[in-house]
Engineer: 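Quick one: structure below, then a few questions.
Side-chain atoms are counted along with the backbone in the values below, which use heavy atoms only and exclude waters and symmetry mates. Note on naming: letters A, B, ... go to the chains in the order of the sequence lines (proteins, then strands), and numbering restarts at 1 for each one. Quantities reported herein were computed from a predicted structural model and do not represent experimental measurements.
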Amino acid sequence: MASVATSLHSRRETAYAAPRATQDPVWVRWLLTGVALAFLGLFLLLPLAAVFAEALRKGLGAYFASFNDPDAFSAIKLTLTAAAISVPANLVFGVAASWAIAKFSFRGKSLLITLIDLPFAVSPVISGLIYVLVFGAQGWFGPWLSDHDIKIIFAVPGIVLATIFVTFPFVARELIPLMQAQGTDEEYAAISLGASGWQTFWRVTLPNAKWGLFYGVILCNARAMGEFGAVSVVSGHIRGETNTMPLHIEILYNEYNFVAAFAVASLLAVLALVTLVLKSLVEWKHHQTNAE
Amino acid sequence: MSSRSQRSVLPGFGLTLGFTIFYLGLIVLVPLSAAFLRTFGMTWSEFVAAVASPRVLASYRVSFGASFAAASVNMGFGFLVAWVLVRYPFPGKRIVDALVDLPFALPTAVAGIALTAVYAKNGWVGQYLEPHGIKVAFSEIGVFVALTFIGLPFVVRTLQPVLEELEPELEEAAATLGAGRWQTISRVIVPQLFPALLTGFALAFARALGEYGSVVFISGNMPMRTEIAPLLIITKLEQYDYRGATAIAVVMLVASFVLLLLINLLQKWSRRYHRV
Amino acid sequence: MSVTATSITKSFGRYTALDDVSLDVGKGKLVALLGPSGSGKTTLLRIIAGLEHADAGSGAIRFHGQDVTTQPAGERGVGFVFQHYALFRHMTVFENVAFGLRVRSRHQRPSSREIAERVESLLGLVQLDGLGRRFPSQLSGGQRQRVALARALAVEPKVLLLDEPFGALDAKVRKDLRRWLRRFHDEVQLTTLFVTHDQEEALEIADEVVIMNQARVEQVGTPQEVYDRPANPFVYQFLGNVNVLRDVTAWSETGPVLDNGRLAGDGLLYVRPHEIEVHLHQPGTAGVPAVLKHVHGAGSQVQLSLELLSTREPVEVELSRAEFLALSVRGNDPVLLRLRPTHALEQDYAI
């Protein structure tokens, strides 16, 4: 009995002991965590949940009926096409740029890196506008293009170009710091062992950079499929021809066809969630390989 | 340049750098310069008339004002979220951490209609605000809400690594010297985080300034009240007023580039104490 | 002010960092907590500072007899110097040192003139006059260490605690700074505890050394005591080189094995290299036969590496140069080894 009493007593005593210097009192922790989660819930979780709730407002039947529409189908196809072209294009660019920047030293390198980041600083609307100024009817090449019967603005090529512009930096900005950190020792070792430049790149550089590459591709793809502003400017909104999924959502929404709008939106929301899961997985994987 | 590459054993410098510059020029630099060159065709008074008419000035006010308010709120709450994510354990933390990036991953049009649904007068949140006279959707507050959403990850993601690297000894040192918890936070922690906080703010502000997709659905697009500058560019384009659109675009581009420069300087500044 | 720790236990999850540790530090002493990494020495220091708390129900920390176990770190009146200094890098040297004064409540805070005077005099004390306006990043490691010390002293602590104070410095600076710390301590007479894993450092400057291993205190004593009369095999091996010899019977015939007391253990004999004599092999002379393998050492001491003939155990012996020259032996010469009088210890089978 006595020993139980003393141990209880002393337990109470340490409960009153001062917290460690880096620890906040329990009530502060709970309060701050609560406020932070409430903020995230209000601004992130609710909108995300609303997409699915609105899409299923009239039941599963209405939800799936929304996809039984040739316009929706062609919007999905165009979105996939635009991503299928712009992601590989920027992937090739990203690999080339990071090879030149990370493995060699030359003057003007930091300017080049800043210029590569430039599209992130440009409003999506302006990203579309500049292509209109170059290829549109009143643009630099407009008369020449119309003489040769080539349509870029208000057609698929314009959509692809605008998508390439807004997703331009994604792969490069992931790869450049990663490959810079890895240095050139392994490449020199491979060359000294008789490997050719290509072999060195395929067998040494690329495997080392694969997670950064994958990470950049995931983000690039998410943005390519979801871009709205830039594509909106160059598309011309021709149903069944130049509408991507986000543009199709806008049209449905403006026609008060909310269920269909949110149904298409739900596909993009799922894409966003998949992107987040893959991104977390890559971060975890990268963390693991670095920890080894 | 060439003398350096000759010294390197690794091949492909000329090819990759050449391709990089070619592609950069083709996709980014030439089209961007088109915007600037187009305005050179305007006289000064035409330009001023295009970029300083009352409706355009009102759109700057909405864009800059709402972006500033949203970035400020994100600075406060972003600090809180980063602090909680780095310092406090709670169930589901990894999911919450991943969810912070949702605004990066969710297409802006989807975010726009979703926020509108939540904050409209019959929406999940709007129905409780409307009776109190608080109108979010189709008002200035709606613009602010959308810009807060899209800017949310920036402050969290710039602060998180800095907070993680902050040595606990600094707080312990402050504690042994007699500082209270609040003094430790305000005099030791926040000053160390300040450059990162400002960088996050500037990134969120820059992003909000150019944002279009998430705003157009929730703002109601009322000229002089909730019309943002990017929307006005589109409106001018639809009226075939290419010069007017381009002139506004140039003003916005200059603002973005100034911000970009500022962010670069900030990042240099944040490393100033780390020289050893 | 004296510092007392009474039966402190601390565990982190399933790992026990301190196991029923008690410690008594006299007023004005300079005491070293010495041990290998993971021995619990830093944890003990942090518990004394109030940066960690002992497990519920275990022990107490007293300063000058007064129980401070539940007092927060800021109220204990300790100065703590961190291994990596933990200087506030956004503040100048002056502001770092002034920090502890500036965070005081209004009615306890000195005027800014008094603060300036106090800081300047402390910077003089740690020999950093005129560097007040620099930032920590503009200082050398040794200078940063002294800023950290001045900062800890600014609040006029009653106890000074230093965690591996010289650990992050290079060898030359470390030696200078530790001698400086000794002189400094003699000047200010502040009860001081410092943690170190460097035995040379502890033995050189401490009044008293507390040797810790695996969450326990192995021995407490003056540097002379712990070096000459180690309480157990761990202390013996941790402090300096030692020969571990198996054939106790053979050795006991050569010299006074039990002269300096018995140690608990496994029946092995622990002998320092300078506690063995080397003699030329002559029939009829007592001694353990060995053969000389290598001779090295350029200074006043000469180290001999030998091998016992019976068990092929390696043995290290240290002789003065004069002794070695008088002996005139060369590699592979047979010799006889004997224990020097008064400095050998045997471990007993019994406790």
Side-chain angles (χ1 to χ4, degrees), chain A residues 21-22 29 32-33 35-36 39-40 43-44 46-48 50-51 54 93 96-97 99-100 103-107 115-116 118-119 121-126 129-131 133-134 138 140 164-165 168 184 187-188 191 197 222 226 228-229 233 246 249-250 253 261 265 268-269 272 275-276 279-280, chain B residues 1 4-5 8-13 16-17 19-20 23-24 27-28 31-32 34-35 38 77 80-81 84 88 90 96 98-99 101-102 105-111 113-115 117-118 124 148-149 152 168 171-172 175 206 210 212-213 230 233-234 237 242 245-246 249 252-253 256-257 260:
Chain A
T22 46
R29 280 189 301 215
L32 294 184
T33 309
V35 173
F39 174 74
L40 293 179
F43 276 91
L44 296 184
L46 273 189
L48 185 64
V51 173
E54 294 289 331
F93 161 72
W99 177 263
K103 304 293 176 189
F104 301 90
S105 57
F106 56 90
R107 285 209 324 207
L115 288 177
I116 289 173
L118 211 52
V122 175
S123 168
V125 169
I126 298 174
L129 169 73
I130 58 176
Y131 286 103
L133 295 179
V134 175
Q138 298 193 1
W140 288 348
I164 290 180
F165 182 92
F168 185 86
T184 48
E187 279 78 10
Y188 284 137
I191 297 276
F228 178 69
V233 174
I249 292 171
E250 185 193 23
Y253 190 84
L268 290 175
T275 301
L276 290 184
K279 187 172 164 293
S280 302
Chain B
M1 240 186 325
R4 296 238 179 158
S5 63
S8 177
V9 183
L10 297 178
F13 177 66
T16 52
L17 186 70
F19 175 69
T20 300
Y23 189 78
L24 177 73
I27 299 290
V28 178
L32 264 182
R38 182 59 73 103
F77 280 95
L80 179 68
V81 170
V84 167
Y88 305 149
F90 59 89
V96 173
L99 201 65
D101 280 331
L102 184 71
L106 194 69
T108 52
V110 178
I113 61 171
L115 286 168
V118 171
W124 287 344
T148 305
F149 172 85
L152 196 148
E171 287 157 65
E172 293 178 346
Y212 170 72
I233 294 174
I234 289 211
L237 272 182
Y242 285 79
T246 311
M252 298 303 282
L253 276 177
S256 302
F257 294 161
L260 190 69

Engineer: Side chain from CB out, backbone as N, CA, C, O: work out which of these in A:Ser280 comes under 4.5 Å of a heavy atom of chain B, or both, or neither.
Structural biologist: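 Contact with chain B involves the side chain of A:Ser280 alone.
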
Engineer: So which heavy atom on B:Thr20 is nearest to which on A:Ala97, and how close?
Structural biologist: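 Shortest heavy-atom contact: OG1-CA, 3.2 Å.
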
Engineer: Are B:Phe13 and A:Phe106 close enough that their ring centres sit under 6.0 Å apart?
Structural biologist: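 Close enough - the centres of the two rings lie under 6.0 Å apart.
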
Engineer: Please look at A:Phe168 and chain B and tell me whether the side chain, the backbone, both or neither of the residue comes under 4.5 angstrom of a heavy atom of that chain.
Structural biologist: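 Just its side chain gets close to chain B.
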
Engineer: Give me the atom names and distance for the closest heavy-atom approach of A:Pro47 to B:Ala114.
Structural biologist: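 Heavy-atom minimum between the residues: O-CB, 3.3 Å.
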
Engineer: Pick one of side chain, backbone, both or neither for B:Tyr88, based on which atoms fall under 4.5 Å of a heavy atom in chain A.
Structural biologist: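 Side chain only.
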
Engineer: Can you tell which part of A:Leu115 gets under 4.5 Å to a heavy atom of chain B, answering side chain, backbone, both or neither?
Structural biologist: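 Both parts, backbone and side chain.
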
Engineer: Looking at every heavy atom in both A:Leu133 and B:Arg38, which two are closest together, and how far apart are they?
Structural biologist: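 Between these two residues, the closest heavy atoms are O-NH2, 3.8 Å.
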
Engineer: Between A:Tyr253 and chain B, which part of the residue has a heavy atom less than 4.5 Å away: side chain, backbone, both or neither?
Structural biologist: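 Just its side chain gets close to chain B.
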
Engineer: With chain B, which of A:Val35, A:Leu118, A:Val233 has the greatest number of heavy-atom pairs at distances under 4.5 Å?
Structural biologist: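 So the answer, after comparing A:Val35, A:Leu118, A:Val233, is A:Leu118.
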
Engineer: Output all residues satisfying side chain to side chain contact (heavy atoms under 4.5 Å, CB included) with B:Pro107, sequence neighbours left out; order by chain, then residue number.
Structural biologist: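 Partners of B:Pro107 under the side chain to side chain contact (heavy atoms under 4.5 Å, CB included) test: A:Leu268, B:Val110.
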
Engineer: Using a cut-off of under 4.5 Å on heavy-atom pairs, state which of A:Val51, A:Thr33, A:Val134 scores highest against chain B.
Structural biologist: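 The residue among A:Val51, A:Thr33, A:Val134 with the greatest pair count is A:Thr33.
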
Engineer: What pair of heavy atoms forms the shortest contact from B:Ala249 to A:Ile126, and how long is it?
Structural biologist: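 Heavy atoms of B:Ala249 and A:Ile126 come nearest at O-CD1, 3.6 Å.
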
Engineer: Restricting to non-hydrogen atoms, name the atom on B:Phe19 and the atom on A:Phe93 that form the minimum distance, rounded to 0.1 Å.
Structural biologist: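 So the two residues come closest at CE2-CA, 3.7 Å.
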
Engineer: When you measure from the side chain of A:Tyr131 to the backbone of B:Ile27, do you find a donor-acceptor pair of N or O atoms at a distance under 3.5 Å?
Structural biologist: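 Yes; judged by distance alone, with no hydrogens or angles, the pair exists.
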
Engineer: Tell me, please, which residues at least two apart from A:Glu250 pass side chain to side chain donor-acceptor pair (under 3.5 Å).
Structural biologist: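 If we apply the side chain to side chain donor-acceptor pair (under 3.5 Å) test to A:Glu250, skipping adjacent residues, there are no hits.
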
Engineer: Tell me, side chain or backbone of B:Ala206 under 4.5 Å from chain A's heavy atoms, or both, or neither?
Structural biologist: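 The answer is neither part of B:Ala206.
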
Engineer: Which bit of B:Leu237 comes within less than 4.5 Å of chain A, counting heavy atoms only: side chain, backbone, both or neither?
Structural biologist: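 Only the side chain of B:Leu237 comes within 4.5 Å of chain A.
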
Engineer: Return the option, out of A:Ala222, A:Gly197, A:Ser123, with the maximum number of heavy-atom pairs under 4.5 Å with chain B.
Structural biologist: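 Most heavy-atom pairs within the cutoff with chain B belong to A:Ser123.
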
Engineer: Quick check on B:Leu152 against chain A: is it the side chain, the backbone, both or neither that has a heavy atom closer than 4.5 Å?
Structural biologist: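 Only the side chain of B:Leu152 comes within 4.5 Å of chain A.
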
Engineer: Looking at chain B, which one of A:Leu40, A:Ile249, A:Thr184 has the largest number of heavy-atom pairs inside 4.5 Å, strictly under?
Structural biologist: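 Counting heavy-atom pairs under 4.5 Å, the top option is A:Leu40.
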
Engineer: Is it the backbone or the side chain of A:Phe165 that comes under 4.5 Å from a heavy atom of chain B, or both, or neither?
Structural biologist: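 Its backbone and side chain both get close to chain B.
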
Engineer: Specify which of A:Lys279, A:Gln138, A:Glu54 makes the most heavy-atom pairs with chain B at under 4.5 Å.
Structural biologist: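 Looking at each of A:Lys279, A:Gln138, A:Glu54 in turn, A:Gln138 comes out on top.
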
Engineer: How close do B:Val28 and A:Pro119 get, counting heavy atoms only, and between which atoms?
Structural biologist: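 Closest approach of B:Val28 to A:Pro119, heavy atoms only: CG2-CG, 3.8 Å.
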
Engineer: Looking at B:Val84, B:Val96, B:Ile113, which makes the most heavy-atom pairs under 4.5 Å with chain A?
Structural biologist: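 Heavy-atom pairs under 4.5 Å are most numerous for B:Ile113.
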
